[in-house]
Structure formats: structure tokens, C-alpha cells
Amino acid sequence: MTHAFRLFWFSWLFNVKNLTTSGFFMLNATISPIFFATIAHYMFESGSRPGSLLFAALGAGMMGIWSSVLFGSGGLIQWQRWQGTLEYVIGVPPGLMQIVLPMTIATASIGIYSIASTLLWGWVIFDLPLDFVHPMWFVVALVVSIVSLGLLGLVLSSTFVLLRNANSLANLLEYPVWLVTGLLISLSLLPGWTRPISYVLAPTWGIKALRGAALGGDPAPAIAACLALGLVYLVIGHFTLGYFEVRARRTATLALR
Amino acid sequence: MNSIRVFFIGGFLAYRALFAWIHWSIYVPTMLGGPIFQILFFAYIGRYAGLKSDEFFVIGNAVAISSVAGIFGMAFTIGGERWMQTLSSILVTPANRLALFLGRTLPNIANGIIVSTVGFIVGWLVLDFSLAPSEIPAIAVIVAVCSFSCTALGAVIGAFGLRGRDIIFFANLFVLTFLLFCGVNVPLDSLPNWMQEVGNLLPLTHGIEAAREVADGASLGDVSDLILTEFAIGLCYAAIAYVLLRVFEVESRRRATLETI
């Protein structure tokens, strides 16, 4: 148990440090959410929704978490392959899941930078009062959202690697998920057929939980939905990761780009 | 004659060397799919905010997505030569540098026009937006000029690829800057003065304003001042790019850093 925890902790820490040194990930996690929060803020202020600063800050923060997961987890196994470390990751005694899971959760964890930067931006530039309605629930909602998105990252990492041009798929999926999960809009604006897609994506419930905790409302159901989805992602990720490993070993393509 | 050959054929080959983009499986999701969803994303925020009609966001974003091709295309075209270790082979030739580097902008300008056109078509198909047939030629001219000015700025970023490593960071940063400062999604007069001033120095701002006026019924002549300003901004960035490319080339030779990655 101690060994498993230690492995999780160091794999997580390694990837957090690794991503933190990347200009691309820092842009996605800190600068990009600030730009989107500013755009949304001015759009709301100029339109008919003044006073939506916290709404914009939280939504843009969650956008940053999704971007980190999408690019960080989506390309995780491929990146190990490019670095020539995939054979070692698979060759070591612990299962592949024990190595990959903390790393995908790390990609979601650097999303904390996103939430922190957009809230700080609102507070410093626009005097946004950070007096959340349920501060403790906010912390719980944030942690659960990050874990749930990290588990979604596990699914992405093990499925994207099966595609030849996974990076381009990541480029494609950034805006649609921001849109369909209602990070800066109300879901009721979207066509009805998008609703099932929204409901199976963790950011939908994550942002709902964060808004409930910060702006008022009951965040518990959204947190529960986030947790339940996380478990589903874990089961799917377990199978897809196993499939990738067996396939790569059988076809001897572990080190092939 | 040789310079013309370098300009056209060199530029074409350099663009084809971006084979990772040209393959449809990367081109469609990256150059068309992502930008199209950008249009939808901001149109829906616009609806939620009750800010402007779909037309405002389709025009703003469809013109702005030409920058994705111009900025990233040039950053990869010039920076990519260094990554692929082909830069020294190019710079050792006596080819005219103006033809060599500016020739590389031409395919990216064309690509920007294609991306933008697809954006307008999707906006017309999916959102509440339409253009009168008589407005299309003027919009096409504006898109071409904006694509040129963005590609010129992309060449400036690409020039830094001869010196720095992380130019994709700056390419991303400029695309974000356009979204905020150039009136793509927020009316310029809603932004603080200093942001408007910055926006006036960037590509796209005048082009987008011209396109919106055309969609509101203005003729090409009515917006000629805006188009010429957009073109002049593009020329300024092209001149800066050329100077930087020359300076960094000389510097790289002197410091022997041409192939340092």
C-alpha cells in the first residue's frame, strides 16, 4: 500500500514538474484562460449579463483544465514513445495503469494554475470579491473535478495512442468540449441532441459543482455525478490501456512512432 | 528571373515540406475543424451574453481564423527549417533573401483564404448568417488582405525562430491576442483605450471592421481606407520580418548558432 502510494505520488509529482517547465503547457494553463476570461468578461459586460465576472473566471479556469488534460493526457503515451521511455514504463514491475494514472491526474492538476490564475486575474484587475458561498465545498468540487478529468485523461491517453494523428484530434476537440459542456454559456442554449454528450463529460459537472459552491446552490449532486463519471472513466481506461499494452507487445510496436 | 523562381517554386516546396499539415488527416481537424468550432463557440457566448447577432461573430471569427494559417504556417515554415536542420543548406545558397523568405508567405496566404472561406460557409450553413452575393467579392478582398497581414506577422514570429526555440509559444500568444484586442468578439469601443490602441497596431482589426461594414451594406470603395490601413500594417510587418531575418541570419553565422536547437 505504501509502495503504491509512493509510486503514485512520485509519478504525479514528476509529471507536474515536467509540465510546469513546458512553455506550451504553461500558456494553456495560465495565460490562455486569462485571455478567454477577459474576452468573456467584456462580452458579458457589453451585453446583457453584467456582473458575471466570477462566472467567466470559473468557466475559463475549467477551460484551462480541459486543455491541459486534452493535450497532456492525449499525447502522454505518444510522448513517452518519442522520448524512448515507453519500454521502461511498461517493462517495470508495477502495472502500466499505476504509472499512467498519476501522470494523467497530474495533467489535470496543473489545471489548478488555470483556476488560480483566472481568480487572481479577477481579484487583481477587476476587484472580484473572492467570497464564495460554500468555500469548503469549492475545495471539494475542485479536487473532485481534477480527479475526474484526470481519469478522463486516462481514457484519452489510451485511445489517442491508437490513432496516427492524435495531436490533430486534440486540436479539434478543444473548442467543442468547451462549448458542449457549457463552460461559458448555459446548456439550454444548445440543441437538445447535444445534451447526452454534455452529460457524459466531466467538465459539465465539474463547472456545475464549482459554480454551485462559489455562486450559490447545491454542489453535492454535481460532485456526485463527477465522481460517478470518474469511476466509469477508470473502468474504460483500464480496458483501453490493457488493450493498447497487449496490442503493442503482440505487434512489437512499442517503440515504433 | 532566378529570384522569381526562388519566390514561387521555393515557397511552394517549403509549404509542401510542411507535409505533416498538408495530409488531410491533420489539415482537416487542425486547420478547418478547430477554427470552425471557434466560430460556433463565440457565437454561442454572444447569444448567451445577448451582445450581438451571429453575423458579428461569424465575420469576426471567420476573418480572424485566417491568422491560424498565417501565424502558425510561417512560424513552422521558417522555424521548421531549423528543426529539420535544413536552414544552413538554404542560407548557404546565394539566393535572393527577399524572394527566399517572402516566397514562403504565398502558400500560407492562400491557405488563410481557404480557411477563412470555409469559416464563412460553415457560419452560413449553421448559424443565423448570410451575405448578399454582391458583398462576397468585397469580403474576399478583405480576407485576402487580412491573410497577408497575418502572414507577415507570422514571418516576424518565424524570424525569431532563427534565434529562439519556443516560437510556437509566441504564435499561440499572438492568436490569443488577436481574439481579445482586434474586435473579433468584443466591439472595439467596449475595450479600454489602451487595448484599442494596441488593436490598431495589429493585423485584423481594420480588416474585420471593414468586413462588418461591407456586410452592413457598404461598398468596397466605402471601406477602402480601412483595407489600405490593414494592407499597410501588413507591409510594415513584412518589412520588419525581412530585416529581422537578415539580422538573425548574419548573427547566427557569426555566433555559429544556425543549427542549434
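Only a predicted model underlies this, so the values are computations on that prediction, with no experimental measurement involved. Chain naming here is simple, since letters A, B, ... match the order of the sequence lines and numbering starts at 1 in each.
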task = Please report the closest heavy-atom contact between B:Ile45 and A:Ile185, naming both atoms and the distance.
result = CA-CG2, 3.6 Å
request  = Grab the two heavy atoms, one from A:Phe44 and one from B:Ala49, that are nearest each other, plus how far apart they are.
outcome  = CD2-CB, 3.6 Å
note = Scored by heavy-atom pairs under 4.5 Å with chain A, the best of B:Thr177, B:Val184, B:Ile36, B:Leu32 is B:Thr177
task = Heavy-atom pairs under 4.5 Å with chain A are the metric here; pick the option from B:Pro35, B:Pro192, B:Pro187 that has the most.
result = B:Pro192
remark   = Separation between CD (B:Gln38) and CD (A:Glu174), nearest 0.5 Å, reads 10.0 Å
note = Value for CG (A:Asn28) from CZ (B:Phe169), rounded to nearest 0.5 Å, stands at 10.0 Å
message = Side chains of B:Leu179 and A:Phe35, heavy atoms from C-beta outward: is any pair under 4.5 Å?
response = no
ask   = Do you know which of A:Ser52, A:Gly47, A:Ala40, A:Pro176 has the most heavy-atom pairs with chain B at a distance under 4.5 angstrom?
value = A:Pro176
query = Who among A:Trp178, A:Phe24, A:Tyr175 has the most heavy-atom pairs with chain B under 4.5 Å?
reply = A:Tyr175
request  = Select one option (side chain, backbone, both, neither) describing which atoms of A:Phe25 are under 4.5 Å from chain B's heavy atoms.
outcome  = neither
task = Run the numbers on A:Ser32 and B:Leu176 for side-chain contact (heavy atoms from CB on, under 4.5 Å), then give the verdict.
result = CA-CA 7 Å; A:Ser32 187; B:Leu176 288 170; 3.9 Å; yes
inquiry  = Please verify the inter-ring angle class for B:Phe42 with A:Phe36; under 30° counts as parallel, over 60° as perpendicular, anything in between as tilted.
reply    = parallel
